[in-house]
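Everything on this sheet refers to the single structure shown next.
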Amino acid sequence: MIRFSEVYKRYPGGGDALKNVGFRLATGEMAFLTGHSGAGKSTLLKLITAIERPTRGQVWIGQENISKIAHRKVPFLRRRIGIIFQDHKLLHDRTVFDNVALPLVVAGLRHQDIRRRVRAALDKVGLLRKERNYPLQLSGGEQQRVGIARAVVGKPPLLLADEPTGNLDPSLSLEIMDLFAEFNRVGVAVLIASHDLELIKQLGYRQLVLSEGELVAGGDSR
Amino acid sequence: MIRFSEVYKRYPGGGDALKNVGFRLATGEMAFLTGHSGAGKSTLLKLITAIERPTRGQVWIGQENISKIAHRKVPFLRRRIGIIFQDHKLLHDRTVFDNVALPLVVAGLRHQDIRRRVRAALDKVGLLRKERNYPLQLSGGEQQRVGIARAVVGKPPLLLADEPTGNLDPSLSLEIMDLFAEFNRVGVAVLIASHDLELIKQLGYRQLVLSEGELVAGGDSR
Amino acid sequence: MRPWLIRHLQVFFYSLGQLWRSPWGTLMSVAVIAISLVLPTALYLALEVVDDLSGQWHSGAEISLFLEPEVSDQAAINLAKKINQRPQVASVDYISATAALEEFRQKSGFGVALDLLDKNPLPGLLRVLPKDNQLSSIQAKAWLLEFSALPEVDQAEYDYAWVQRLQAMVQIGQRLGLIFSILLGGGVVLIIGNTIRLAIFSRRQEIEINKLIGATNGFIRRPFLYSGMQQGALGGLFALAMIYAALSLLAPAVVRLAGTYQSEFTLQIVGWIELLLLPLLGGALGWAGAWLAVGRHLREIEPG
Amino acid sequence: MRPWLIRHLQVFFYSLGQLWRSPWGTLMSVAVIAISLVLPTALYLALEVVDDLSGQWHSGAEISLFLEPEVSDQAAINLAKKINQRPQVASVDYISATAALEEFRQKSGFGVALDLLDKNPLPGLLRVLPKDNQLSSIQAKAWLLEFSALPEVDQAEYDYAWVQRLQAMVQIGQRLGLIFSILLGGGVVLIIGNTIRLAIFSRRQEIEINKLIGATNGFIRRPFLYSGMQQGALGGLFALAMIYAALSLLAPAVVRLAGTYQSEFTLQIVGWIELLLLPLLGGALGWAGAWLAVGRHLREIEPG
Ligand SMILES: Nc1ncnc2c1ncn2[C@@H]1O[C@H](COP(=O)(O)OP(=O)(O)OP(=O)(O)O)[C@@H](O)[C@H]1O
Ligand SMILES: Nc1ncnc2c1ncn2[C@@H]1O[C@H](COP(=O)(O)OP(=O)(O)OP(=O)(O)O)[C@@H](O)[C@H]1O
Ligand SMILES: [Mg+2]
Ligand SMILES: [Mg+2]
């Protein structure tokens with residue numbers, strides 16, 4: 001599903017955020033990405049979604065080399081990936097329903113289908129009764145769950161999450177992780193950046209550990 | 001320092017976010033505010049900073065009843081409180097230095113003083129070498145620390161934090177909490193909303209526990 | 001084909017709804033656009049009116065043929081008919097000596113003085129109006145030579161002063177028209193472009209999120225284009241209303257003025273059908289302005 | 001007092017820097033403001049020019065006194081002096097019978113015809129120019145009665161048609177002026193207000209954060225006010241340049257036109273000192289527009 005091969009990322013005017021990173025994530029696999037603050041976790045996820053381009057090396061998603069993907073192909077790449085952001089990235093002037101519906105609207109689904117799938121996704125994160133609210137009327141944890149619903153509503157084969165439980169209490173965090181595991185069981189590949197080591201240990205999936213931009217554990221066995 | 005007395009908060013079109021909340025936080029005291037997602041932690045902090053007004057009851061900061069504080073007095077109330085937000089709330093088009101300097105500029109300090117105190121605050125959170133960067137060039141944890149530096153730079157007698165370690169790895173979380181404890185030792189009252197029960201237990205300060213808007217532990221002994 | 005149409009209609013009504021939800025902002029943008037459309041239109045109408053009036057006044061650019069005193073009315077009329085057959089001549093008027101004196105009396109205000117005359121000192125007169133309104137001075141001289149050679153004609157004259165004046169006025173009008181058109185055409189484009197530009201910035205976050213979720217540039221561009229078009233069209237409608245109001249205010253005064261020239265000119269001449277083009281024009285300009293602004297700024301906004 | 005001043009200067013240069021950092025947006029806003037300042041100024045200048053020209057043309061609104069044929073030049077001049085002493089009379093011209101014939105010849109274009117006359121049929125003429133440019137028709141009639149009673153005067157006449165025409169023109173000019181002033185005045189306020197309004201929305205987050213940190217409304221308002229003022233002033237400068245360019249383009253044509261009226265009128269009359277007020281006016285309008293927009297929208301933006 002994902003393959004990094006000798007990937008380097010240097011931001012203009014900064015040191016190397018990623019150094020010689022190589023790993024594979026199989027189709028339908030689930031893994032955690034950990035490491036200290038500033039280790040390069042978010043950077044790695046940004047390379048997968050073509051928000052940033054690698055300075056050197058190659059990033060493959062499925063059969064596609066996205067290190068040099070054409071600009072007009074990027075939207076279609078992103079439609080195949082569900083992304084959950086550290087800071088939710090919700091539209092404050094639209095209801096929860098409209099926020100979750102966004103990927104389906106973008107993909108051009110029919111109105112009835114949108115309605116059905118959005119409600120199913122909201123139900124899964126336990127926010128069906130808040131569908132008419134606006135994001136600012138929700139607590140931080142509720143906003144996070146709206147973001148998760150939006151990421152899964154399009155049934156993408158790959159799910160990326162950047163600290164999805166950062167703002168959730170422990171029991172809710174576990175619930176959300178279970179949700180990811182559930183998606184994983186039906187064949188979705190999942191990669192979650194997190195620093196909740198406790199929880200990760202508990203769940204027992206593969207761990208990719210970054211330190212100072214280098215993959216120090218869980219990468220390709222070379 | 002802070003006194004809540006029979007405070008109710010109902011948002012328009014929602015249930016009661018806070019119900020009959022009463023507690024005191026002494027000058028120079030440090031406490032944690034915990035509870036499940038949606039319990040009302042952020043709402044409670046918003047009442048202290050006059051972002052929201054209580055539906056019933058009274059909120060006192062020092063000698064001031066801020067349940068009915070006049071609009072033009074609100075800015076001066078907020079200058080006495082350092083606030084750390086769940087989503088950083090940094091200005092993306094200004095450098096780290098300028099972001100941290102903001103409260104001092106607002107208060108009208110002299111240029112030399114601003115420079116000295118900003119660098120001291122940045123040093124404390126370990127970001128002095130990033131003072132010329134823009135927030136988007138920082139990792140999530142680094143942005144969080146910029147927010148902390150901005151909150152403490154004005155040396156306020158009261159510090160509020162809404163999940164300040166939500167996006168930090170455990171060791172950095174501990175560091176940050178130690179930082180708060182340090183401020184507390186020099187006489188600053190600190191109130192931190194967090195769900196990192198592990199860490200809170202470890203630190204051993206008072207805990208105010210909210211559940212469904214009610215204060216179920218750590219409040220006034222009536 | 002149908003889902004495609006539905007999607008466009010959705011965006012159309014969505015952006016119309018957005019405009020409706022911020023009525024003050026919409027009103028401001030629309031008013032600004034309307035004003036910038038009113039001004040060139042007013043200029044265009046004014047030029048049309050001047051053109052029309054000057055057509056009625058062109059009689060000044062005529063050639064006067066003073067006939068010999070012995071030429072009879074009948075001979076004069078025959079001559080007039082002969083001249084009228086020339087291809088470049090629009091019309092020929094015969095003014096007999098008696099009629100000339102009468103016109104003279106009225107035109108000059110020297111009525112009393114003329115009563116003192118023993119006999120009519122004026123000759124008969126043929127007024128030749130050329131088809132080409134602005135006879136070049138070379139042409140005019142050729143005509144003068146030719147006409148004065150006719151046996152019935154004593155002398156031929158041409159009102160140079162009037163022609164010069166007219167030409168100078170036309171020149172000023174053209175330059176003014178050029179300057180105003182540039183200013184106002186640029187104004188409309190700038191205003192709509194600026195409005196959309198700022199709208200893009202105030203919806204920066206929305207654009208970023210849409211890009212992250214896999215929206216194509218076309219998808220993101222669409223609501224802005226519709227919004228620009230709708231604002232432009234609304235501006236055009238407002239402009240139409242303003243011009244109608246202005247014409248209603250002006251009409252009585254213009255009719256009074258025209259009356260002093262014995263002219264039956266009224267403002268009804270204004271092309272109502274052309275005015276109905278205003279909303280269409282506004283919509284097209286709005287679309288174009290939005291397209292420019294979106295093209296420039298959409299690329300800048302990338303999620304980081 | 002000094003730190004206060006320093007803070008204001010800081011904000012001034014900060015917002016100038018902001019403008020400089022987004023040159024395209026600034027250029028657009030400034031150009032839009034400039035255009036909206038140019039148009040009323042052009043109107044004002046045009047009205048000034050017309051006023052000036054019509055002052056030179058007012059000689060049409062005069063009273064003509066036709067003298068009895070037996071009145072000598074000397075007697076006529078004495079009468080002129082006597083009439084000139086009246087308080088309401090601006091000037092009196094004496095045109096002798098000979099001079100009258102000569103003027104006649106030139107004005108009418110009937111030069112040849114007049115050569116046929118045995119003797120000068122025209123009487124001497126006094127042209128009385130009233131001080132009040134627009135003599136009401138009642139006043140005019142009273143004067144006519146009075147003058148025609150003088151023994152030297154054969155008949156007194158007044159050019160009603162010209163007066164009517166002038167009044168109708170003035171009326172149209174005034175109405176046009178009113179309409180244009182309303183449109184353009186409203187335009188300037190709307191444009192600047194709109195620009196600032198959208199600027200506020202695109203800096204919504206900044207405002208929210210500043211409020212959270214304890215900034216007073218005055219503190220938040222200040223950069224917007226400075227920005228509005230600076231944009232307005234820049235717009236005024238641009239407008240000044242545009243008007244200068246337009247005048248340079250127009251001047252030759254106007255001089256040529258004035259030449260046909262034997263007038264020495266040039267566009268130098270235009271008030272250059274008044275034009276220098278444009279940047280000041282622009283700055284003031286910008287400040288006002290920003291103040292309105294900020295006042296309306298600052299309260300809306302509250303951290304939530
Ligand atoms: N746009 C950018 N420009 C310059 N430097 C950047 C940029 N984005 C990130 N960096 C730097 O790259 C390094 C890695 O950042 P990244 O956001 O990937 O860390 P992270 O592992 O996600 O940390 P956190 O857990 O705090 O979110 C950091 O040192 C950061 O300062
Ligand atoms: N502006 C608002 N309008 C309506 N309801 C609101 C608003 N803000 C919060 N709420 C509701 O009030 C309740 C308490 O919200 P609050 O943000 O205080 O929770 P929290 O304890 O901070 O949760 P979290 O840990 O997820 O941040 C929630 O049910 C939320 O939906
Ligand atoms: Mg990160
Ligand atoms: Mg919260």
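Bear in mind that the values here come from a model prediction, so they are computed numbers and not experimental data.
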_Counting neighbours of CZ on R56(A) that are heavy atoms of other residues, nucleotides or ligands and sit closer than 6.0 Å, is the number greater than 12?_
no
*Sequence neighbours excluded, which residues qualify as side-chain hydrogen bond (donor to acceptor under 3.5 Å, both in side chains) partners of R80(A)?*
E64(A)
*So how far is it from Y11(B) OH to N133(A) CG, rounded to the nearest 0.5 Å?*
12.0 Å
*What part of R145(B) lies closer than 4.5 angstrom to a heavy atom of chain A: side chain, backbone, both or neither?*
side chain
*Contact origin within T165(B) toward chain A - heavy atom pairs under 4.5 Å*: backbone
*Are more than 12 heavy atoms from other residues, nucleotides or ligands located less than 6.0 Å from atom CZ of R132(B)?*
no
*Can you sort out the partners of D169(B) under side chain to side chain contact (heavy atoms under 4.5 Å, CB included), two or more places apart, ordered by chain and number?*
H36(A), S37(A), H195(A), S171(B), L172(B)
